[in-house]
Amino acid sequence: MSRSSRRDFSLVEIKKHDQPTDLWMVLYNKVYDVTDFCKYHLGGIEVLYDCGGSDATEAFEDVGHSDFAVEMLQPYLIGQVVVDEQKEYHKFAKEDDSLGSDVVESIKFDDSKSEGFTEYFLRRVQESTNVMVLSVVALSSFVLLVLVHLSR
Ligand code: HEM
């Protein structure tokens, strides 16, 4: 949706869009029409259906989504919650007091800091490689221990 056609929506209006064929959700006071996105969600369709028409910020944060996930959202942005009904999100207050008064939006949606697809892909490959190397080391140590034990 183009920037100019974005609108402000009341929570009552957003709530009406809670069906799989017409699914909106609120994240950090922004409204997303995720109807077409659901089938691509790596965390499954059902969790998104459960959040239809509501503020899914807390659930989204709880999963610890990557910057790539935040980037994925951008094409589905259709507007924002009307200013009077907007919330303030102080997510990092408990974990890091220095960020306590910051609104999450300013942290999560800073485009200059978000990870591109290539960085995301390389990071995921590196993470899987690390797990593989650790597994091989653990398995080799185990086999070595068994061999030492048998040779006694
Ligand atoms: C519509 C906005 C959303 C987008 C664009 C999105 C995107 C993603 C992406 C890209 C991943 C892969 C992991 C990552 O890169 O972070 C993921 C995983 C996941 N998402 Fe979402 N997500 C959204 C909303 C939600 C919501 C509202 C929930 C919970 C109610 C949720 C639950 C999960 C779960 C459980 C996983 C799997 C985590 C894992 O396997 O480690 N997602 N999502």
Side-chain angles (χ1 to χ4, degrees), residues 1-139 142:
M1 182 171 277
S2 74
R3 225 164 248 277
S4 56
S5 49
R6 286 180 194 154
R7 281 180 40 205
D8 288 2
F9 300 101
S10 70
L11 294 176
V12 171
E13 191 175 355
I14 295 165
K15 213 172 169 41
K16 291 179 195 155
H17 303 268
D18 64 350
Q19 296 302 307
T21 50
D22 177 22
L23 200 78
W24 292 9
M25 67 179 56
V26 175
L27 288 166
Y28 313 108
N29 294 318
K30 300 228 165 68
V31 184
Y32 297 90
D33 180 346
V34 294
T35 317
D36 295 334
F37 164 74
C38 287
K39 53 181 175 290
Y40 304 114
H41 182 228
L42 294 170
I45 294 179
E46 292 301 326
V47 285
L48 297 188
Y49 289 172
D50 290 346
C51 296
S54 68
D55 188 335
T57 310
E58 207 178 323
F60 186 82
E61 279 292 335
D62 283 349
V63 174
H65 283 87
S66 63
D67 287 348
F68 177 61
V70 174
E71 195 142 301
M72 264 183 150
L73 274 171
Q74 304 314 312
Y76 306 100
L77 181 65
I78 54 171
Q80 63 171 9
V81 176
V82 287
V83 174
D84 288 353
E85 295 181 342
Q86 288 193 1
K87 286 209 291 189
E88 285 213 346
Y89 302 98
H90 298 283
K91 194 249 165 183
F92 296 105
K94 271 194 199 139
E95 294 151 32
D96 182 351
D97 283 345
S98 64
L99 291 171
S101 59
D102 286 343
V103 174
V104 166
E105 186 180 359
S106 62
I107 300 163
K108 292 290 285 188
F109 285 86
D110 181 348
D111 285 346
S112 62
K113 280 192 199 140
S114 57
E115 192 179 38
F117 179 74
T118 321
E119 286 94 344
Y120 171 79
F121 181 74
L122 289 174
R123 186 171 56 77
R124 292 305 283 244
V125 168
Q126 199 187 1
E127 279 166 10
S128 350
T129 313
N130 289 346
V131 171
M132 264 172 14
V133 169
L134 278 175
S135 313
V136 169
V137 170
L139 196 68
F142 178 72

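Since the structure is predicted, the reported quantities are computational estimates derived from the model, not experimental observations. Counting starts at 1 for both ligands and their atoms, in listed order.
- Looking only at heavy atoms of the protein, atom 29 (C) of ligand 1 is closest to Ala59 CB, 3.9 Å.
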Requested in this report: Quick one: do Asn29 and Tyr89 satisfy side-chain contact (heavy atoms from CB on, under 4.5 Å)? Show the steps, please.
Outcome: CA-CA 9 Å; Asn29 294 318; Tyr89 302 98; 3.6 Å; yes

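- The CE atom of Met25 sits 9.5 Å away from the OG1 atom of Thr35 when rounded to the nearest 0.5 Å.
- The protein heavy-atom contact nearest to atom 14 (C) of ligand 1 is Ser66 OG, 3.3 Å.
- For the residue pair Val31 and Val81, the shortest heavy atom distance occurs at CG2-N, 3.8 Å.
- By the side chain to side chain contact (heavy atoms under 4.5 Å, CB included) test, Val136 is found to be paired with Ser140, residues two or more places apart in sequence or in another chain being considered.
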Which side-chain N or O atoms in residues 45-52 pair as donor and acceptor under 3.5 Å with protein atoms at least two apart or in another chain?
none

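- For atom 5 (C) of ligand 1, the nearest protein heavy atom lies closer than 4.0 Å.
- No side-chain heavy atom of Tyr28 sits under 4.5 Å from any side-chain heavy atom of Leu73.
- Using bins of under 30°, 30° to 60° and over 60° for the plane-to-plane angle, the ring pair His65/Phe60 lands in the parallel bin.
- For Tyr32, no heavy-atom contact with ligand 1 is shorter than 4.0 Å.
- Against a heavy-atom cut-off of under 4.0 Å, Met72 is close to the following atoms of ligand 1: 5 (C), 10 (C).
- In this structure, atom 40 (O) of ligand 1 has no protein heavy-atom contact shorter than 4.0 Å.
- Asp18 pairs by the side chain to side chain donor-acceptor pair (under 3.5 Å) definition with nothing, not counting sequence neighbours.
- The existence of a salt bridge linking Lys87 and Glu58 is excluded, since no basic side-chain nitrogen approaches an acidic carboxylate oxygen closer than 4.0 Å.
- In this structure, atom 2 (C) of ligand 1 lies nearest to the protein heavy atom Leu73 CD2, 3.3 Å.
- Atoms of ligand 1 lying under 4.0 Å from any heavy atom of Cys51, numbered from 1 in the order shown and given with element: 27 (C), 30 (C).
- Less than 4.0 angstrom separates some heavy atom of Val34 from each of these atoms of ligand 1: 1 (C).
- Protein contacts to atom 21 (Fe) of ligand 1 involving N, O or S atoms at a distance below 2.8 Å are His41 NE2, His65 NE2.
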